[in-house]
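Below you'll find the structure, written out as structure tokens, and then a few comments.
Counting starts at 1 for both ligands and their atoms, following the listed order.
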Amino acid sequence: MYQTALKKTPLGETGLEITRVGFGAWAIGGGDWEFGWGPQDDEESIAAIHRGLEQGINWIDTAAAYGFGRSEQMVGRALQGVVERPYVFTKCSLLPGPGRIVEHSLKRDSVLREASASLERLGVDAIDLYQIHWPIPVEDIEEGWAALAELKEQGLVRHIGVSNFDVDQLRQVQQIAPVETLQPQYSLIERDIEQELLPFALEQRIGVIVYSPMGSGMLTGKMTRARIEQMSDSDWRKRDARFQEPRLSKNLDLVDRLTAVAERHDTIPGAVAVAWALRHQAVDAAIVGFRRPDQVDPILPAAGLELTDEDLIEIEGSAR
Ligand SMILES: NC(=O)c1ccc[n+]([C@@H]2O[C@H](COP(=O)([O-])OP(=O)(O)OC[C@H]3O[C@@H](n4cnc5c(N)ncnc54)[C@H](OP(=O)(O)O)[C@@H]3O)[C@@H](O)[C@H]2O)c1
């Protein structure tokens with residue numbers, strides 16, 4: 001067990017008490033699809049999940065899209081025989097198209113089919129939190145949201161939420177059923193949601209779990225120019241602007257500042273980046289992606305790390 005129990009927090013008004021760090025299962029979907037993470041060893045994926053659970057993480061965030069079922073299958077396998085099962089959160093609306101490129105659907109029948117396939121892969125009776133992955137196509141968000149509300153009524157999912165929605169889209173679907181949770185991107189290098197979305201979530205008491213708090217690995221302290229050059233072509237990050245100039249130099253400078261702060265707290269830059277995202281009043285918890293068991297422990301101090309004003313000034317100095 002992690003030396004001090006992982007801090008927990010209520011997730012909005014769902015009644016769920018979740019650890020401030022959750023296990024993100026995108027990368028364990030592997031490389032074989034449009035947004036893959038390069039080669040991934042399934043046994044390492046399962047070992048990573050088990051390490052997270054041993055250390056007290058009590059929820060996993062996955063999606064049908066991650067490896068088009070592979071991530072959910074790994075979660076399902078990892079949960080077999082686990083006595084105290086963690087909460088399982090998953091998402092719908094991204095489907096495999098030709099060439100394993102993502103296609104989007106929020107049609108009722110498609111959402112219902114997806115939910116049943118996810119339940120099967122995960123091996124659970126009900127999904128603890130079911131989320132619309134992306135508000136695409138935008139003209140179908142009401143139909144998709146009504147389908148999630150239907151699944152909740154049937155008891156196949158316990159709570160419902162959305163990801164990547166803006167405030168107008170939230171207002172639109174809230175007329176159909178309350179939005180219990182929101183999953184936006186948030187990190188030192190993606191701060192747009194501070195303007196409108198986070199204040200709205202706070203005011204509406206919507207639970208917020210933020211994704212990519214370490215910029216999908218950019219802020220861990222282990223990302224270097226050499227690593228990026230050698231990245232597999234099946235790792236989506238190779239094509240992402242955050243991992244290329246002109247943003248790369250700025251991001252690596254930010255990692256240097258995170259490293260200085262991390263040293264003062266006897267931890268690593270990735271944990272400081274996660275603690276930074278958690279410092280926002282509207283943020284209940286952060287989803288951190290792990291793909292190997294050794295990656296889990298070094299990040300967990302983030303759940304209890306209180307950054308000082310001095311730390312924040314040093315980190316944010318020239319971050320924007
Ligand atoms: N709703 C959405 O649209 C959406 C979008 C993105 C993510 N998410 C969710 O949020 C989760 C987290 O986001 P993310 O995976 O993009 O990014 P992240 O948590 O910012 O970064 C995760 C990556 O950092 C690296 N890492 C983790 N621990 C490390 C350690 N101790 N030392 C060094 N490197 C370490 C790993 O990749 P390497 O080892 O390969 O560097 C890992 O895959 C996802 O898994 C997913 O559940 C949702």
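- Look at Pro213 and you'll find a heavy atom under 4.0 Å from some atom of ligand 1.
- Heavy atoms of Ile299 found under 4.0 angstrom from ligand 1 belong exclusively to the side chain.
- Heavy atoms of Asn164 found under 4.0 angstrom from ligand 1 belong exclusively to the side chain.
- Of the candidates Arg292, Met218, Gln131, Arg237, the one placing a heavy atom closest to atom 37 (O) of ligand 1 is Arg237.
- Residues Ser187 and Ser212 have side chains that never bring a donor and an acceptor to within less than 3.5 angstrom of each other.
- Of all the heavy atoms of Thr220, the ones lying under 4.0 Å from any atom of ligand 1 belong exclusively to the side chain.
- Using a cut-off of 4.0 Å between Lys/Arg side-chain N and Asp/Glu carboxylate O, Arg205 and Glu13 are scored as salt-bridged.
- Partner of Arg237 under the salt bridge (Lys or Arg N to Asp or Glu O under 4.0 Å) criterion, out of Asp235, Asp233, Asp240: Asp235 alone.
- Closest to atom 6 (C) of ligand 1 by heavy atom, among Trp236, Phe89, Tyr186, Tyr211, is Tyr211.
- For atom 48 (C) of ligand 1, the closest non-hydrogen atom on the protein side is Gln183 OE1, 3.0 Å.
- Of the polar atoms of Pro298, none of the N or O atoms is found under 3.5 Å from an N or O of ligand 1, judged by distance alone.
- Of all protein heavy atoms, the one lying nearest to atom 31 (N) of ligand 1 is Gln295 O, 3.0 Å.
- Between the side chains of Glu72 and Thr90, at least one donor N or O lies within less than 3.5 Å of an accepting N or O.
- Hydrophobic clustering, with ILVMFWY side chains joined whenever heavy atoms are under 4.5 angstrom apart, keeps Leu129 apart from Phe23.
- Heavy-atom contacts of His133 reach the following atoms of ligand 1: 1 (N), 2 (C), 3 (O) (cutoff under 4.0 Å).
- A salt bridge does not link Glu120 to Arg113: none of the charged nitrogens lies less than 4.0 Å from a carboxylate oxygen.
- Judged by the shortest distance from any of its heavy atoms, Phe23 lies outside the 4.0 Å radius around the atoms of ligand 1.
- Taking every non-hydrogen atom of Arg291 and a distance limit under 4.0 Å, the qualifying atoms of ligand 1 come out as 37 (O), 38 (P), 39 (O), 40 (O), 43 (O).
- Atoms of ligand 1 found under 4.0 Å from any heavy atom of Lys91, numbered from 1 in the order shown, are 1 (N).
- Annotation: Trp26 places an N or O atom under 3.5 Å from an N or O atom of ligand 1; distance criterion only.
- Remark: ligand 1 atoms within the under-4.0 Å shell around heavy atoms of Ser163 are 1 (N), 2 (C), 3 (O).
- Near Gly215, meaning under 4.0 Å from any of its heavy atoms, are these atoms of ligand 1: 20 (O).
- Taking any N or O of Gly217, backbone or side chain, at least one lies under 3.5 Å from an N or O belonging to ligand 1.
- Under the 3.5 Å distance criterion, with hydrogens and angles disregarded, a donor-acceptor pair is assigned to the side chains of Gln40 and Ser45.
- Listed by number with element, the atoms of ligand 1 under 4.0 Å from a non-hydrogen atom of Ala27 are 43 (O).
- For ligand 1, the polar-atom distance check against Met214 finds a nitrogen or oxygen pair separated by under 3.5 Å.
- Between Lys7 and Glu306 there is a salt bridge, since at least one side-chain N of the basic residue sits less than 4.0 Å from a carboxylate O of the acidic one.
- Here Val83 is tied to no hydrophobic group at all, with no ILVMFWY side chain closer than 4.5 Å.
- The heavy atom nearest to atom 17 (O) of ligand 1, considering only Ser216, Pro184, Gly38, Gly289, is found in Ser216.
- Glu245 and Ser249 form a side-chain donor-acceptor contact under 3.5 Å, judged by distance and modelled atom types alone.
- Relative to atom 38 (P) of ligand 1, the option among Met223, Arg227, Lys222 with the closest non-hydrogen atom is Arg227.
- Of the possible polar contacts, none joining the Arg158 side chain to the Asp128 backbone as a donor-acceptor pair under 3.5 Å is found.
- A salt bridge between Asp294 and Arg51 is absent, with no side-chain N of the basic residue lying under 4.0 Å from a carboxylate O of the acidic one.
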